[in-house]
Amino acid sequence: MTNENKIYQPVVWPYRFIGNFLLLALIWLITLGVITIRHNLIGQKFETLLSEMYQQSADLGWGLDDITIEGRQKTSKAEIMEAVSLHRGDNIFEINLVAIREKVKALPWVKDVVITRSYFPNVIHISLKEKYVKSIWQYQDEFYPLDEDGEIIETEYVPQKDILQIVGEAAPEHIKELLDIIEKDEEVFAKLKAANFISQRRWDLIFNDIAHGITVKMPEENLAKAWKKLVKLDKTRGILKYKLTFIDLRLENKIIVKVNDE
């Protein structure tokens, strides 16, 4: 006989146990995730695995066999090898060509570089394009070699007699513009020994001899036109052969010359 007035409490402990277990598991997962992210355990494990794969593949025939270099004249082999920091047996796949290029390009004499890799044999090939000294900048009793773009080459350099000498605080920033105009006329350009950038505005060009040559005063504007005038005067009248102190081309419709007193 059933007692309809008796109340039975539902059995709830299994649900509480499962709920607490799931909550505890969730807490552990969150904690594990935080620890993993904080200590980069997955990344470290992946890097270890990747390093082992590189080593294994190098042992199986994918190790670096040689490094070849072309275009090197002023840059020493030791400088390049120190920059690339590669050794025979390094995995050919692991070598970062972009990083190596940046390191080699940072060398003083290197203007540009192309780096390629080839397989069987596994070779890294370095092709250099070096800077060359276009002029020497004299500033505060020091001499700085400049490349064809007017950039200072940060290295030791012994000035040579046949290198154009430039003077003036802002001369390097403007020398390329000048050379683009004047060096096309090789015969007259060959007589140019020095160029002085006056007041950061215009050029004085010194021909034949730095100490006792002819100073040609160029205008601030219409530089190309004044240069053509000088070239024509030299070709038709040999004006740079005369014993002159200076030739003033700053006035468009007038040429002023001063004869050497000697």
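Along the sequence shown, residues are numbered consecutively beginning with 1. Only this structure's heavy atoms are used, side chains among them; waters, hydrogens and symmetry mates stay out.
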Not counting sequence neighbours, which residues clear salt bridge (charged side-chain N to carboxylate O under 4.0 Å, His left out) with Arg88? List them please.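 Listed in chain order: Asp66.
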What residues form a salt bridge (charged side-chain N to carboxylate O under 4.0 Å, His left out) with Asp162, not counting sequence neighbours? none
Testing the 3.5 Å rule here: is there a donor-acceptor pair between the side chains of Glu70 and His125? yes
Sequence neighbours left out, what pairs pass salt bridge (Lys or Arg N to Asp or Glu O under 4.0 Å) with at least one residue falling in residues 123-141?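 Passing the test, one end in residues 123-141: Lys134-Glu183.
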With sequence neighbours excluded, give me every salt bridge (Lys or Arg N to Asp or Glu O under 4.0 Å) pair touching residues 114-127.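 Non-adjacent pairs meeting salt bridge (Lys or Arg N to Asp or Glu O under 4.0 Å): zero.
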Who are the side-chain hydrogen bond (donor to acceptor under 3.5 Å, both in side chains) partners of [X], not counting sequence neighbours?
{"X": "Gln73", "result": "none"}
{"X": "Asp248", "result": "Arg250"}
{"X": "Lys111", "result": "Asp149"}

Looking at side-chain heavy atoms only, is the closest gap between Lys74 and Thr155 below 4.5 Å?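 Answer no - side chains too far apart.
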Going by heavy atoms in the side chains, are Ile163 and Phe143 under 4.5 Å from each other? no
Just do the side chain to side chain contact (heavy atoms under 4.5 Å, CB included) check on Ile69 and Thr75 with the steps written out, would you? CA-CA 11 Å; Ile69 304 170; Thr75 307; over 6 Å; no
I'd like to know if [Y] and [X] are part of one continuous hydrophobic network [Ile/Leu/Val/Met/Phe/Trp/Tyr, side-chain heavy atoms within less than 4.5 Å].
{"X": "Val114", "Y": "Leu86", "answer": "no"}
{"X": "Ile136", "Y": "Leu146", "answer": "no"}
{"X": "Leu249", "Y": "Val259", "answer": "yes"}
{"X": "Phe207", "Y": "Ile175", "answer": "yes"}
{"X": "Ile100", "Y": "Val113", "answer": "yes"}

Listing request: all side-chain hydrogen bond (donor to acceptor under 3.5 Å, both in side chains) pairs with a residue in residues 96-105, at least two apart in sequence or in separate chains. Arg101-Asp112
Give a yes or no on whether Glu252 atom CD has more than 12 heavy-atom contacts from other residues, nucleotides or ligands under 6.0 Å away. no
Is the CD atom of Glu82 crowded by more than 12 outside heavy atoms at less than 6.0 Å? no
Backbone N or O of [Y] within a donor-acceptor pair of the [X] side chain at under 3.5 Å?
{"X": "Asn222", "Y": "Lys225", "result": "no"}
{"X": "Glu79", "Y": "Ser76", "result": "yes"}
{"X": "Asp204", "Y": "Ile198", "result": "no"}
{"X": "Asp65", "Y": "Val123", "result": "no"}

Can you name the residues that form a side-chain contact (heavy atoms from CB on, under 4.5 Å) with Ile210, not counting sequence neighbours?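 By the side-chain contact (heavy atoms from CB on, under 4.5 Å) rule, Ile210 matches Gln165, Lys193, Ala194.
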If the condition is side-chain contact (heavy atoms from CB on, under 4.5 Å), which residues does Thr245 pass it with, not counting sequence neighbours? Lys258, Asn260
Let me confirm one number: the [atom1]-[atom2] distance from [X] to [Y], rounded to the nearest 0.5 Å.
{"X": "Asp147", "Y": "Ser135", "atom1": "CG", "atom2": "OG", "value": "8.5 Å"}
{"X": "Ile239", "Y": "Ile247", "atom1": "CD1", "atom2": "CD1", "value": "3.5 Å"}
{"X": "Ile124", "Y": "Asp90", "atom1": "CD1", "atom2": "CG", "value": "9.5 Å"}
{"X": "Ile95", "Y": "Asn122", "atom1": "CD1", "atom2": "CG", "value": "8.5 Å"}
{"X": "Tyr144", "Y": "Ile166", "atom1": "OH", "atom2": "CD1", "value": "12.5 Å"}
{"X": "Trp137", "Y": "Ile152", "atom1": "CH2", "atom2": "CD1", "value": "5.0 Å"}

Taking it one step at a time, do Leu205 and Leu178 satisfy side chain to side chain contact (heavy atoms under 4.5 Å, CB included)? CA-CA 10 Å; Leu205 307 181; Leu178 174 67; 4.0 Å; yes
Might you work through the side chain to side chain contact (heavy atoms under 4.5 Å, CB included) test for Val104 and Leu128, ending with a clear yes or no? CA-CA 9 Å; Val104 175; Leu128 297 179; 3.7 Å; yes
Does anything in residues 223-252 pair up under ring pair (Phe, Tyr, Trp, His ring centres under 6.0 Å), and if so which pairs, sequence neighbours excluded?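 Listed by first then second residue: nothing to list.
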List, one per line, each side-chain donor-acceptor pair under 3.5 Å for residues 212-221, sequence neighbours excluded.
| from | atom 1 | to | atom 2 | distance (Å) |
| --- | --- | --- | --- | --- |
| Glu220 | OE1 | Arg201 | NH1 | 2.9 |

Search all heavy atoms of [X] against all heavy atoms of [Y] and return the closest pair with its distance.
{"X": "Asn208", "Y": "Leu240", "answer": "ND2-O, 2.9 Å"}
{"X": "Pro145", "Y": "Val133", "answer": "CB-CG2, 4.0 Å"}
{"X": "Ala171", "Y": "Val167", "answer": "CB-O, 3.6 Å"}

Before you tell me yes or no, could you show the steps for Phe197 and Glu169 under side chain to side chain contact (heavy atoms under 4.5 Å, CB included), namely the whole-Å CA-CA distance, both residues' side-chain angles and the distance that decides it to 0.1 Å? CA-CA 8 Å; Phe197 198 51; Glu169 185 174 351; over 6 Å; no
Salt bridge or not between Lys235 and Glu187? Use side-chain N to carboxylate O under 4.0 Å. no
